[in-house]
Amino acid sequence: MEKKYETAIGLEIHVELSTKTKIFCSCPASFGEEPNTNICPVCTGMPGTLPVLNKKAVEYAIAVGLGTGCSITQYSKFDRKNYFYPDNPQNYQITQLYMPICTKGTLEIETKGGVKHISIREIHLEEDAGKLFHDQETHSSFVDYNRSGIPLIEIVTEPQMENGEEVIAFIKKLKFIIQYLGASDCKLQEGSMRVDVNLSVREAGIKELGVRTEMKNLNSFKAIERAIEGERERQQKILSQGGRIIQETRRWDDEKGLSFAMRGKEDAKDYRYFPDPDLAPLLISNEWIEEMKERQPEFRTEKIARYKREYSIPDYDIEWLTENKYLADFFEKTAELCRNPKKAANWIMVETMHLLKEKEMEPKELKYSPENLAKLIGMVDKKVINGDKAKEVFAHMFEQNTDPEKYVEENGLKAVRDERILQEAVEEVIAGNPKSVEDFIRGKEKVLGFFVGQTMKVLKGRGDPERITQLLKERLKEGL
Ligand code: ADP
Ligand code: MG
Ligand code: ZN
């Protein structure tokens, strides 16, 4: 009989913190700059320099710890992890091995199989390394130290996940918590969130976990899912043939759909860790922790639950709007002001999103205010302007936060509501298109659309299409 196997997966997730400066020096921590422009003697490991801890990095670590149910270590330390590599100019990385800043957290994930709790073993603070570029053509390598010294937190889970779906659910949950805190943008593609997957397979029913391998730096959800499936199959095949798994680091090649051995797994003893003598212990007071607790936002899960209670909008809209805290807050303000949550949701999900994409902007770069969007929605609701004109006003508002009421007034965009003028326009169109009127009378209903369009034209686009349709229908019954 064929044997059954079980999989255990634990994650190590590095997240770059959104501080303005690096963790131990005052160089800017910005992304995408010219190589080696954000560097100084400290982050290039010059002898005789001393690190100074960035308070904001500590605050972000505490915030993420609190957001994931961790205990905050009130007395923690930094350690040196020693290794030589050209992207690491000090020949050691400052990290936390013995006393991580946060321990013992948990996140609740939802999957098809139901709700599951995943334990977080620890979160520690450390510094990032530089970046190497290998030029295949000239057979040379380049190093950029801009990333050297960017603050990182590393989140380590217990090996409690069993498949790709659970892993993705965990990462998404974590990502939203960190993004809601503003602690990082968590972009897998750009490397501000980097996921290492540890995976082992064992015979079903056996308690002790199998030997694991580690796959590093998977940079999309798809790659993570495929890597997990590929590695699970590889290990299971070896075990079912009576083979042994070697503990090692493997590189997942997403294009080939295969993983390759990179190096044997190092142990802590290989790095000769010792406490960093240049940094004092990190003391975190009760008051500081309390203050940080007060500053925790309403997270996405709670927001979703509240939206379901407070707004009668579809679940799809709720999921969409809460994916980005900035847009969610924007929506809430707009909905409150215009008292029309569905319209507020639509303007954000459709028109706003369309222009954001077109102009390659992030939501937080939006220029217009919820007040002005609410005014615009109010004007459409009260039929002061029609839908087409509203879009025109919106495009202007998007660029310059224009007051829509003023703009409509100044540009004469108000819908024509004077019945006499509307009827005159209808008459003019009917008189000018006798053939189409005959078509309509002979049952060609489609021409109604043509008449509405023509009437709108006469009114310079300022009619109310519904009212015009009504008037036209009534008028056409009478024939020419
Ligand atoms: P190390 O310190 O040697 O890297 P850890 O025990 O700290 O090893 O674990 C690192 C990561 O590997 C954690 O996410 C943990 O959950 C995961 N892990 C540990 N053992 C296993 C195993 N047998 N199978 C799957 N994952 C594991
Ligand atoms: Mg490890
Ligand atoms: Zn520096």
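What you see below is based on every heavy atom in this structure, not just the backbone, and it leaves out hydrogens, waters and symmetry mates. Order of appearance sets the numbers: ligands from 1, and atoms from 1 within every ligand. This chain uses plain numbering: 1 for the first residue, then up along the sequence.
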*asked:* Among S200, S119, G10, P159, which one puts a heavy atom closest to atom 24 (N) of ligand 1?
replied: S200
*Of the side chain and backbone of V211, name the one, both, or neither that has a heavy atom under 4.0 Å from an atom of ligand 1.*
neither
*Give the contacting part of E214 toward ligand 1: side chain, backbone, both or neither, where contact means a heavy-atom distance below 4.0 Å.*
neither
*For D185, what residues pass the side-chain hydrogen bond (donor to acceptor under 3.5 Å, both in side chains) criterion, not counting sequence neighbours?*
S192
*Answer yes when E351 and K343 have at least one side-chain N-carboxylate O distance shorter than 4.0 Å, and no when they do not.*
no
_Considering both backbone and side-chain atoms of L199, is one of its nitrogen or oxygen atoms within less than 3.5 Å of a nitrogen or oxygen in ligand 1?_
no
_Contact atoms of ligand 1, heavy-atom distance to E158 under 4.0 Å_ = 16 (O)
*Report the part of V156 (side chain from C-beta onward, or backbone N, CA, C, O) that has a heavy atom under 4.0 Å from ligand 1; answer both or neither where that applies.*
side chain
*Could you tell me whether E336 and K333 make a salt bridge, using a distance below 4.0 angstrom between a side-chain N and a carboxylate O?*
no
*asked:* Here's one to test your reading of the geometry: is the NZ or CZ of K81 within 45 degrees of the ring axis of Y271 and under 6.0 Å from its centre?
replied: yes
*Numbering as shown, the atoms of ligand 1 that approach L209 to under 4.0 Å (heavy-atom distance)*: 22 (C), 23 (N)
Between side-chain atoms of residues 371-378 and protein atoms elsewhere (two or more places apart, or another chain), which donor-acceptor pairs fall under 3.5 Å?
from : atom 1 : to   : atom 2 : distance (Å)
N372 : ND2    : N401 : O      : 3.2
N372 : ND2    : N401 : OD1    : 2.8
N372 : ND2    : T402 : O      : 3.3
K375 : NZ     : D403 : OD1    : 3.4
K375 : NZ     : D403 : OD2    : 3.0

*Who are the side chain to side chain contact (heavy atoms under 4.5 Å, CB included) partners of E203, not counting sequence neighbours?*
K3, Y5, I206
*Measure the acute angle between the ring planes of F398 and Y368, then classify it against the limits of 30° and 60° as parallel, tilted or perpendicular.*
tilted
*Should the pair D317-K342 be classified as a salt bridge under the 4.0 Å nitrogen-to-oxygen rule?*
yes
*Do any protein N, O or S atoms sit under 2.8 Å from the Zn ion (ligand 3), and which ones are they?*
C25 SG, C27 SG, C40 SG, C43 SG
_Polar side chain donor-acceptor pair, T19 to T21, under 3.5 angstrom_ = no
